[in-house]
Structure formats: C-alpha cells, structure tokens
Amino acid sequence: MAGNHSFTDYVADRFENDLFNAIQSYVEENYDRLDLRLYRIRNIGGIELSDIEVKLLSISDLPDMRIECHVVVAAELEVRESDYHYDETEYCTQWFMLKCSGDLDSNLDDFSISSVAEYISKNKQSKPLSDSLVPIITKDELETVATDFLRRCYPEALKTPIAVEPHILAEKMGLSIIVRDITKDFSVFGQIYFHGCDAEFYDKSNDKMVQAQIEARTILVDPKAYFLRNLGSVNNTIVHECVHWDLHRKAFELERLYNSSATQIKCQVVGGIKDNDRDATGWMEWQANSLAPRIQMPLAPFKMKVHELIRKHRDEIGNIHLIDMMECIIDEIALFYGVSRCAAKIRMVDVGYDEAIGVFTYVDGRYVRPHCFKNGFIRKDQTFSISIKDALIESAFNPELKKKLESGNYLFVDSHFCFNHPKYITVNEQGETELTDYARFHMDECCLVFDLRIKSLNKYGEEFFTECVLYRDAASNIVFEAHYSSDNKENPNQAVMIKKYNTELLNVARMLPATFSGTLNALIDWSGMTEEKLAEAASISEKTIQRLRNDEPDNVTIETVIQLSIGMQLPPVLSGCLLKASGKSFMMTEQHIMYQFLLTSCYTKSIHECNNMLEAQNLKQLGRNNRSIK
C-alpha cells in the first residue's frame with residue numbers, strides 16, 4: 001500500500017471542471033457583491049473566470065465512507081469596465097472556498113458542491129483528516145478516540161472491567177479472522193483485507209509461496225505469532241487490524257483511486273507497515289499501535305481494576321510499598337485482559353503508575369530488582385539501570401561522569417550508579433553490595449540518570465522505541481546505548497556530605513609516605529584490617545602481604561595494587577595514592593579501563609564480585625595465576 005497520495009491533487013485533477021463551473025456561476029450571480037477593493041476598475045461591467053488553482057483542502061470525516069471538504073481555490077478573474085467609452089480590462093486573483101462532499105464507496109462519483117463563498121479563513125474541522133485521508137489524532141486525543149471506538153463497537157467494555165475478546169470484536173465489526181502462515185520468515189504478523197483478491201502466502205508443507213482467494217473484511221494472523229510471541233500479542237494483533245479497518249478505510253480507498261490493485265495493509269513484526277516508509281502509513285501504524293492497548297484496557301475500567309488489585313494485595317500481605325506488589329499486579333492485569341506483560345506494564349505507565357517503569361527490567365542478562373522514583377522525574381527514554389558495558393564506556397569517556405566518579409562518591413550497584421552512603425547501599429547476607437530498600441523506593445534521590453537510545457533507531461518507530469525502553473526483557477535482541485544525562489543535578493545535601501568526606505580523605509592522603517611499603521602500611525592501618533583479613537579480602541597470600549609491607553619491592557604488578565585496593569575498600573583518592581607509589585599507571589586497554597572502573601565505582605564490592613564482573617566482560621580475573629611481584 002503506497003498510502004501517501006494526495007487527496008488535494010486528486011480533487012484538483014478530477015473535479016477541475018466542476019470547481020471551475022461552480023465558481024463561474026457564483027461570480028456571474030454575485031459579481032456586484034464581490035469585494036471591490038480587490039480591483040482598480042470601479043465601474044464593473046462584467047467578470048469572467050479565466051483560470052483556477054486549488055490551493056488547499058480542509059477535510060472532515062463523515063459517517064461510513066463519506067467525506068466533506070472545503071476546497072480553497074485561487075481564481076483568475078477578467079474584470080471589464082462598464083463605461084462603453086472605454087475598452088479597459090483588468091486581470092486579478094480572488095480566493096474562493098467551496099464546500100464539497102462525496103462517498104468513497106462509490107469512488108466519489110457522487111461528488112457534489114453545496115456552496116461557494118469568498119475565502120476569508122480556514123474552517124475548523126470537527127473530525128479532521130489529513131491530505132492522505134488519515135485521521136488527524138494527537139497524543140492527547142488517543143484516550144478519547146479509543147473510548148469512541150469502544151462506544152461504537154464494544155460498549156460493554158466501558159461499563160465495568162472486562163476483557164475485550166478480539167474475535168467477538170471482529171465479529172461485531174463484520175470482520176472474519178483466518179489463522180494461516182503469511183510469510184516464511186514471520187516478517188508480517190497480521191494483514192487486513194479491504195477488498196477481496198487472490199493473495200500469495202507461504203505453504204509450510206511444501207516450503208513455497210502459493211495463491212489463495214481471500215474475501216474482503218478479512219484479518220489474517222500468522223500462527224507463528226502464538227509460538228514466537230504470546231497470546232497477548234496475538235490478541236493485540238487482531239485489535240490492531242480492527243483499528244485499521246475502522247480508521248483507515250478512507251485512506252485505503254484513496255489509494256484505490258490511484259491504484260485499483262491495492263487490497264490490504266501488511267503489518268510487520270517490528271510494528272511498521274510492510275513495503276513502505278512513507279509518512280501516511282507511518283501515522284496509520286502509530287495510531288493502530290497506540291490505540292490497540294487503549295481499546296483492550298480502556299482507561300476508566302482499567303483504573304478500577306488496578307485499584308481493586310492494589311486493595312486485594314494489601315488485604316492479603318499488608319501495607320507494603322506499591323513497587324513490591326507491582327510485578328504481581330502487572331501479571332494479573334496481563335492475564336485478566338489477555339494482553340502481554342509488556343502491554344500491561346506500558347499501560348500502567350500510561351495511566352500514571354510510574355512505579356511500573358522499575359519492574360521487569362533485565363540488564364546484562366540479570367533481573368534488576370524493582371525500584372521506583374518520584375512521578376515524572378525521568379522521561380520514557382531515560383533510565384537509572386544501565387549495562388556494565390555502557391557504565392565502562394561512559395565512565396571512561398564522558399568527562400562529566402568521569403569527574404563525578406573519581407571522587408568515589410558514586411558506586412555501581414545493581415546496574416545503577418548510586419550515591420555512596422549507608423542510607424542507600426548495604427551488604428546482604430551473601431556479602432554482596434546492593435541497594436537498600438530506601439534507595440529502591442527513592443531512586444531520584446540517590447541514583448544517576450542516563451539517556452537511552454536503540455542502536456540504528458531509524459529502523460523502528462517511536463512507539464516501538466518506547467516499548468523497548470520500558471520493557472527490556474532477558475530475551476530481547478534489541479541493543480541499547482546509555483549515555484550520561486545532562487539532566488543530572490547536584491543534590492545540595494549530598495554536596496555537603498561529599499565535601500566533608502573528601503576533606504577527611506585528603507587529610508589521610510597528605511600524611512602518606514612516598515614509598516610503596518610505607519603507603520601500604522599506612523593504608524592497612526587506616527583500614528583497620530589484619531594481614532589475615534586482608535589476605536582473604538584481596539585474594540593474596542599473607543606471606544606476600546608481609547613481604548610487600550617489610551621490603552620495598554622492585555616491581556609490583558598493577559593487578560596486585562587493584563587487589564589490595566579492593567581488599568581494603570580504598571576510596572579512589574587513596575587507591576590512587578597506592579597506585580602512584582607503585583610506579584604504575586593505567587593504559588588505554590579494555591583490561592585497564594575495567595580496572596579503573598573497579599577502583600572508582602566498585603571498590604566496596606568483594607574481590608569475588610569484581611572477578612564476576614571481569615569474567616562477564618571476558619577479561620582476566622584478579623588473583624588467578626597473577627604474580628604479585630615481578
């Protein structure tokens with residue numbers, strides 16, 4: 001489907017004579033009432049129309065397949081002097097507006113012009129259509145449009161929380177559903193046929209494309225959708241195609257006026273319209289994508305259902321924080337409405353539950369614990385949760401973030417950069433660092449924000465992008481990039497704590513001797529650790545630590561410095577002093593960039609946790625076949 005033809009061009013070309021004749025008749029009957037200020041000649045003896053040019057159309061949607069339009073035309077008029085002593089003629093241009101209507105079901109053969117008037121201003125349309133006959137719907141109007149759709153097609157869904165049964169909806173709209181293979185590669189998950197035709201489909205048994213007769217008003221769903229996606233996505237596909245039928249038949253019939261062989265819209269798995277990237281088809285797909293979940297989960301009944309589930313969980317479990325019941329609520333919503341978990345989560349966010357953003361998120365193949373923040377604190381294309389790879393890249397190459405991390409005041413915990421304070425970061429029973437419950441409930445207070453984007457974003461629509469951002473699941477093959485956001489602001493309370501803490505560390509750093517052994521001894525005393533405890537925490541033998549303390553080594557490996565720093569949980573200011581005393585420095589390699597990251601953002605983690613992070617990046621682990629002294 002081309003879907004980007006101009007109705008203005010079609011009207012101007014096909015109905016030029018009708019428009020010309022209507023204006024000519026109007027001028028002949030009303031020339032004495034025309035605005036004489038347009039003409040130099042004052043004694044007008046006659047006016048003739050010599051040419052017209054259609055300038056613009058304002059198009060309104062009418063019931064069924066009828067449309068109404070106001071056609072603005074620039075008319076070239078020939079004005080004659082009335083005094084017979086003079087033979088003077090003037091040519092001038094005047095604009096007129098013609099009110100027209102027609103029925104697309106009859107190919108506009110009944111096109112009629114009901115009125116002509118001098119053009120003053122563009123009329124405001126109650127249900128406007130674009131020049132491609134696509135409804136003009138803003139984001140703020142989506143809920144109203146979805147409610148109107150249900151009022152006409154499935155009114156019972158507006159009265160009380162119930163699931164909209166896609167097959168019943170299609171039946172109410174006079175549509176039939178056929179489940180069959182559409183393509184071999186599942187590049188098209190659904191199609192809606194506006195006209196009957198011989199169509200081509202994939203025959204799995206013979207592994208080839210075959211012809212089949214398809215009737216008009218038919219929705220096709222590929223059965224692979226049930227296995228490769230889920231029932232919720234299949235239900236969404238059917239409702240999606242119903243939206244196309246309800247809203248986009250006029251746009252489709254305009255295409256038929258240009259191309260009589262057009263028969264259907266093919267909807268791709270990634271959420272676009274097959275075989276076209278043009279504006280009109282993009283708007284149609286955005287509308288179908290945006291309206292389908294709002295139709296499946298209508299606003300007022302949906303809120304009623306959510307409130308019911310919140311009350312139920314609090315009655316059963318007690319007055320727990322909403323974020324800790326959000327996973328259960330989303331899953332119950334998905335089951336109740338027959339939608340995907342992804343759709344249920346996004347709908348929760350749509351209606352104002354920002355807590356839903358912080359659940360069902362997977363980063364680096366692991367589940368990120370539920371978390372929440374002040375409503376509206378971050379945009380839909382932002383996140384607190386980023387991958388270790390993005391954390392490494394941003395900490396190494398983003399000057400603003402690098403400076404913030406060098407102080408040691410932010411640690412990388414649970415896929416977040418969190419302010420380093422016991423209020424926000426704790427150690428669990430397994431000895432691993434994690435966010436406190438307070439931090440999970442107040443991410444806006446303690447964690448840094450990152451802007452998210454999908455690599456090669458031009459392949460996906462805006463709605464698909466938002467869906468992916470809000471639902472980063474473990475099986476997703478969508479690759480994200482996270483970038484430190486300029487929206488991060490300094491917290492005044494944290495600034496005071498940072499200043500005090502940094503002053504204490506600088507005082508310690510100033511007292512350190514210049515030698516490696518002397519610096520190590522001083523830092524071990526500062527940490528309050530015994531050699532035995534440090535040996536265990538740093539994965540280094542006690543004998544090695546004793547040698548390092550008592551004899552100035554000729555050459556200490558950089559790995560040894562990293563292990564000792566992590567074992568003593570040295571803040572970056574102090575680990576930097578130990579590194580300097582060793583005579584070592586970092587190079588621009590993946591291994592060393594990771595070492596820097598561990599010292600600035602993970603120094604409170606155990607050596608075991610750090611090695612897990614190194615292993616996940618396919619890098620050499622600490623304390624594994626490393627010689628401490630060379």
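- Heavy atoms only, all atoms of each residue included: C446 and A439 are closest at SG-CB, 3.8 Å.
- You'll find the side chain of L435 reaches within 4.5 Å of the side chain of C418, heavy atoms only.
- By the side chain to side chain donor-acceptor pair (under 3.5 Å) test, D203 is found to be paired with S205, N206, residues two or more places apart in sequence or in another chain being considered.
- At distances below 3.5 Å, not a single donor-acceptor pair connects side-chain atoms of E394 with backbone N or O atoms of A391.
- For H307, the side chain to side chain donor-acceptor pair (under 3.5 Å) partners at least two apart in sequence or on another chain are Y353.
- Residues I137 and W283 are not in side-chain contact: their nearest non-hydrogen atoms beyond the backbone lie 4.5 Å or more apart.
- Using a 3.5 Å distance cut-off with no hydrogens or angles, the side chains of H371 and E355 do not pair a donor with an acceptor.
- The residues K423 and E445 are annotated as salt-bridged, a charged nitrogen and a carboxylate oxygen being separated by less than 4.0 angstrom.
- Under 4.0 Å is where a charged nitrogen must lie from a carboxylate oxygen, and between E308 and K305 at least one such pair does.
- Both tests pass for R180 against the ring of F201: distance under 6.0 Å to the centre and angle within 45° of the axis.
- With Q296 as the partner, the side-chain contact (heavy atoms from CB on, under 4.5 Å) test is satisfied by one option alone out of N235, L291, I238: N235.
- Using a 4.0 Å cut-off between charged side-chain N and carboxylate O, E143 and R294 make a salt bridge.
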Pairs under 3.5 angstrom only: tabulate donor-acceptor contacts from the side chains of residues 317-331 to other protein residues two or more places apart or in another chain.
from, atom 1, to, atom 2, distance (Å)
H321, ND1, I323, N, 3.1
D324, OD1, R440, NH1, 3.4
E327, OE2, Y367, OH, 2.2
D331, OD1, R341, NE, 2.8
D331, OD1, R341, NH2, 3.3
D331, OD2, R341, NH2, 3.2

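- Of all non-hydrogen atoms in A482 and I386, the two that sit nearest each other are CB-CG2, 3.5 Å.
- Between the R347 side chain and the A343 main chain, no donor and acceptor come within less than 3.5 Å of each other.
- E434 pairs by the side chain to side chain contact (heavy atoms under 4.5 Å, CB included) definition with R369, D414, T426, N428, not counting sequence neighbours.
- The environment of NZ in K172 is crowded: more than 12 heavy-atom neighbours from other residues, nucleotides or ligands sit within 6.0 Å.
- Residue V368 comes nearest to S385 through the heavy atom pair CG1-OG, 3.9 Å, listed as atom of the first residue, atom of the second, then distance.
- Nearest heavy atoms, D354 versus G376: OD2-N, 2.8 Å.
- In terms of modelled atom types and a separation under 3.5 Å, the side chain of K374 and the main chain of D444 share no donor-acceptor contact.
- Checked against the 6.0 Å centroid criterion, the rings of H442 and Y438 qualify as a close aromatic pair.
- Under the side chain to side chain donor-acceptor pair (under 3.5 Å) criterion, R152 pairs with D148, D246, not counting sequence neighbours.
- Counting only N and O atoms by type, the side chains of Q191 and Y193 include a donor and acceptor under 3.5 Å apart.
- Looking at W245 and R249, their side chains come closer than 4.5 Å, going by heavy atoms from C-beta outward.
- Rounding to the nearest 0.5 Å places CD of E215 at 13.5 Å from CG of L175.
- The closest side-chain donor-acceptor pair between Q382 and S485 falls under 3.5 angstrom.
- No side-chain N or O of D390 forms a donor-acceptor pair with one of Y484 less than 3.5 Å apart.
- When side chains are defined from C-beta on, L614 counts as touching M594, because their heavy atoms get closer than 4.5 Å.
- Atom CD of E171 has 12 or fewer neighbouring heavy atoms from other residues, nucleotides or ligands inside a 6.0 Å radius.
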Would T604 and V413 satisfy side-chain contact (heavy atoms from CB on, under 4.5 Å), going step by step from the backbone distance to the final call? CA-CA 10 Å; T604 62; V413 181; 5.6 Å; no
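- Contact record, I136 with S130: CG1-N, 3.6 Å, taken as the closest heavy-atom pair.
- Between F373 and F384, a ring centre-to-centre spacing shorter than 6.0 Å is recorded.
- Here the side chains of F397 and I593 are in contact, with some heavy-atom distance below 4.5 Å.
- Checking H483 against N398 by side-chain atom types alone, no donor-acceptor pair falls below 3.5 Å.
- Between I425 and L411, some side-chain heavy-atom pair lies under the 4.5 Å cut-off.
- There is no side-chain donor-acceptor pair under 3.5 Å between T138 and D140.
- Annotation: salt bridge (charged side-chain N to carboxylate O under 4.0 Å, His left out) contacts of K402 (sequence neighbours excluded): none.
- Aromatic ring centres of Y410 and F417 lie farther apart than the 6.0 Å criterion allows.
- Annotation: cation-pi pair K208/Y202 absent, no NZ/CZ under 6.0 Å from the ring centroid and within 45° of its normal.
- The pair R366-D364 does not meet the salt-bridge criterion, since no charged nitrogen lies less than 4.0 angstrom from a carboxylate oxygen.
- Side-chain contact check for H244 and Q287: no donor-acceptor pair (N or O, by modelled atom type) lies under 3.5 Å.
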